[in-house]
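Quick notes on the structure that follows.
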Amino acid sequence: MKMQESASIPKFTRKDLIPGGEVKWCPGCGDYAILASIQKILPELNTPRENFVFVSGIGCSSRFPYYMNTYGLHSIHGRAPAVATGVKLANPKLSVWVMTGDGDAMSIGGNHLIHALRRNLDLKIVMFNNEIYGLTKGQYSPTTQMGQVTKSSPYGVPDYPFSPLRLALGAGATFVARAFDVDGPHLQAILKEAALHKGSAFIEIWQNCVVFNDSVFDPIVSKESRPDHLLYLEEGQPLLFGKDKENAVISEEMSPRVVPASEAPKERLLVHKSGLQDPAYAFLVSGMTYPEFPVPMGIFRNVQSPAYDEILDGQVKKAKAKAKDNSFMALFDGLETWTIN
Amino acid sequence: MAELLYQHAEPEAVLSGTHFMDGNHAACEGAIAAGCRFAAGYPITPSTEIVERFAERAPHVGAMFIQMEDEIASSICLQGAVWGGLKAMTVTSGPGFSLMMEHTGYAAMTETPCVFVDVQRAGPSTGLPTLPAQGDMLQCRFGSHGDYEAIALCPSSVQECFDFMIEAFNLAEAYRVPVFFMMDECVGHMTEKLVIPDAREISVLGRRFTKKPPEEFLPYAPGEDLVPEMVKAGDGYRFHVTGLTHDERGYPSTTLATQRQLVVRLIEKIQRNAPKIWKWEERNLQGAEVAVISYGISARVALKAIELAKQDGIQAGLFRLITVWPFPGQRIQELATRVRAIVVPELNLRGQVANEVERAVQGRCPVVPVGHPGGGVHDPQDIFHAIKEALS
Ligand SMILES: Cc1ncc(C[n+]2csc(CCOP(=O)(O)OP(=O)(O)O)c2C)c(N)n1
Ligand code: SF4
Ligand SMILES: [Mg+2]
């Protein structure tokens, strides 16, 4: 049965996803690499091309749907998760992707984002984090580092930034991951996992804005920095890093701590598990920030819970199955109108 | 009744001198000169330069800028700041302005003096973020639910962005209403000469704080001009601000009598005082056959059309609205009896202000709207043709 189904899905290639026409991001923008990665993995997902829907808000990143030869909805600043909720509920067979920016998702759209995640609706929410408002030309966003001088913070950003991963975890997201623009193979692997996940998936992608926030992630993601400052999370593997994996992350009083690998007590050495129901471990690892810690990339949480559309579907079936009750009490407790025969 | 206390602007805050700057920067300087010491905003083209400049200037003038998470937050945060004791504004453009509508109503209902700046761009929706329009003129008047009156001013030069911003803050304090400073992308981004006068030549209206002792003070008991006096948090008055229908004590009341008394007063305090609020400019209207009524950037384009008409032997003059709301209908009615036709160019297609002109004119002469979808300004030829047609 499964075999037959997949055999009947018309094949398409990466090229079929490129609509032609001009891509209007700045030369060198990290958005290009993310676009290429998504165009690469879509044909591998065993889903007909016409079932993909890309919904975005407003921002440079939110221009994404124009560059995909699929259904696209360029919506309103911050509202993409709510729009996508409507699309997915109206037609659950669609593969619905939300393409959003750090401002779009965390600032004006913060409310919609946390509620979409909380409902565990089957949406893939991909947040391009460049730690800046790109489209409006360089004001600080909720992920810009404290103290950074931007167009709207001439004396330095006075507020504390969000940790997008921790926000998503706090909202109950069942799939939470992070990757970055220029490591294509890693990003593609994460995106594929997200696509296979049933429920809300939140993927933060670090994306370089060459014009208004160039190289902010370089201390972590540049080729030279990676061994010491970046940690790829691998399922079942201990958190080791350094050129020769000479450093380890252990847990101490519910916080992470870096020690030489040779001195790491085995029982406290952190071993990566994304499938834990309790988000405490994911929360701990997602709090590892530069420069104190190597910054983790990968899947922080990947657990199964019934998705909103499944729950709703179950309710519908149950309600329909319930025999019609015409007793006085049923009328009394029920809707405020009834039919007189 | 608390008398209106005008002072001069704070000399340290006023950049007196001759400048070359754009309307957005001038609007920011106007706000600072007017005593605005709090701005809340969320970046949006083509208005962002106003708050960017405010952020830069703030520490030098004892002010504060906060970038909020969106326009819903900005437009209500600023009202908190007003009740905390400061003069405050928020700055936005179309999509952000739409989000603010719940809070423009709150400001009207709670009689919170504050300024909303809208640098209009073409819509609907995201539309043309970088290009001008005048399509929010009804939204600023009617955008929130329920009945209320507001004041809206339209500058049409860089100098006016400065001068009338001060006026906007003064009107907000005088009548305790939200004042809408309705710019457009052209006025916001055009660069011209700006003369900022000496601080002693700038009149700034102080807040109408009560002098009554707390036990006698009724927060919503109006004075003769229908405007109640204010207090601020921290001054020892027990005081509730509420968007619910409230009596003179500021307590919720659900009676028809309270609703009528309150809402009628909110409207009448502006309508009755309208002649004191109105501002307009008349040019060449003496003996004119045609009056062109316009505002903002369109009024400047109209001047060219009036010149073309003159070359064609038609006497046309300009009536430039500075106060659009409350609408100076009386004056326009008089005008309608003296001219053969009225032409109303504006950067929207449904005659947002032209309809109001028509309502005032009541058939005394033909009214010809000259619409435009926004995204640019009129071709003066189009206005000229409308002038010619209006006479035929
Ligand atoms: C209601 C509303 N407010 C403000 C804007 C202006 N605006 C457009 S995009 C944007 C921020 C974009 O930042 P982000 O989401 O991080 O995307 P990026 O451009 O960095 O990819 C803002 C403030 C808008 N379009 N609508
Ligand atoms: S402004 Fe920044 S984020 Fe936007 S397209 Fe240019 S480089 Fe990319
Ligand atoms: Mg961004």
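In what follows, every heavy atom counts, from backbone to side chain, and hydrogens, waters and symmetry copies are set aside. Letters A, B, ... mirror the listed sequences (proteins, then strands); counts begin at 1.
Qualifying side chain to side chain donor-acceptor pair (under 3.5 Å) partners for A/Asp218, counting only residues two or more places apart in sequence or in other chains: A/Ser215.
Between A/Met99 and the choices A/Leu73, A/Asp31, A/Ile38, the side-chain contact (heavy atoms from CB on, under 4.5 Å) rule is met once, by A/Ile38.
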Just list the donor-acceptor pairs under 3.5 angstrom between chain A and chain B, please.
unit_1: A/His77; atom_1: NE2; unit_2: B/Tyr42; atom_2: OH; d: 2.8
unit_1: A/Ser107; atom_1: OG; unit_2: B/Glu69; atom_2: O; d: 2.9
unit_1: A/Ile108; atom_1: N; unit_2: B/Glu69; atom_2: O; d: 3.1
unit_1: A/Gln139; atom_1: NE2; unit_2: B/Glu52; atom_2: OE2; d: 2.7
unit_1: A/Tyr140; atom_1: O; unit_2: B/Gln67; atom_2: NE2; d: 2.6
unit_1: A/Ser152; atom_1: OG; unit_2: B/Gln67; atom_2: OE1; d: 2.6
unit_1: A/Tyr155; atom_1: OH; unit_2: B/Glu56; atom_2: O; d: 2.3
unit_1: A/Tyr155; atom_1: OH; unit_2: B/His60; atom_2: NE2; d: 3.3

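For B/Pro43, the parts lying near chain A are the backbone and the side chain together; criterion is any non-hydrogen pair under 4.5 Å. The contact between B/Phe65 and chain A is made entirely by side chain atoms (from C-beta outward), counting heavy-atom distances below 4.5 Å.
Side chain of A/Arg166 to backbone of A/Phe283: a donor-acceptor contact under 3.5 angstrom is found. With hydrogens and angles disregarded, no donor-acceptor distance shorter than 3.5 Å links the side chain of A/Lys88 to the backbone of A/Ser95. Remark: side-chain polar atoms of A/Asn120 are paired, donor with acceptor, to backbone N or O of A/Ser200 under 3.5 angstrom.
Taking the six-membered ring wherever Trp is involved, the centroid distance between the rings of A/Phe64 and A/Phe54 falls below 6.0 Å.
Using a 4.5 Å heavy-atom cutoff, the side chains of A/Pro81 and A/His115 are not in contact.
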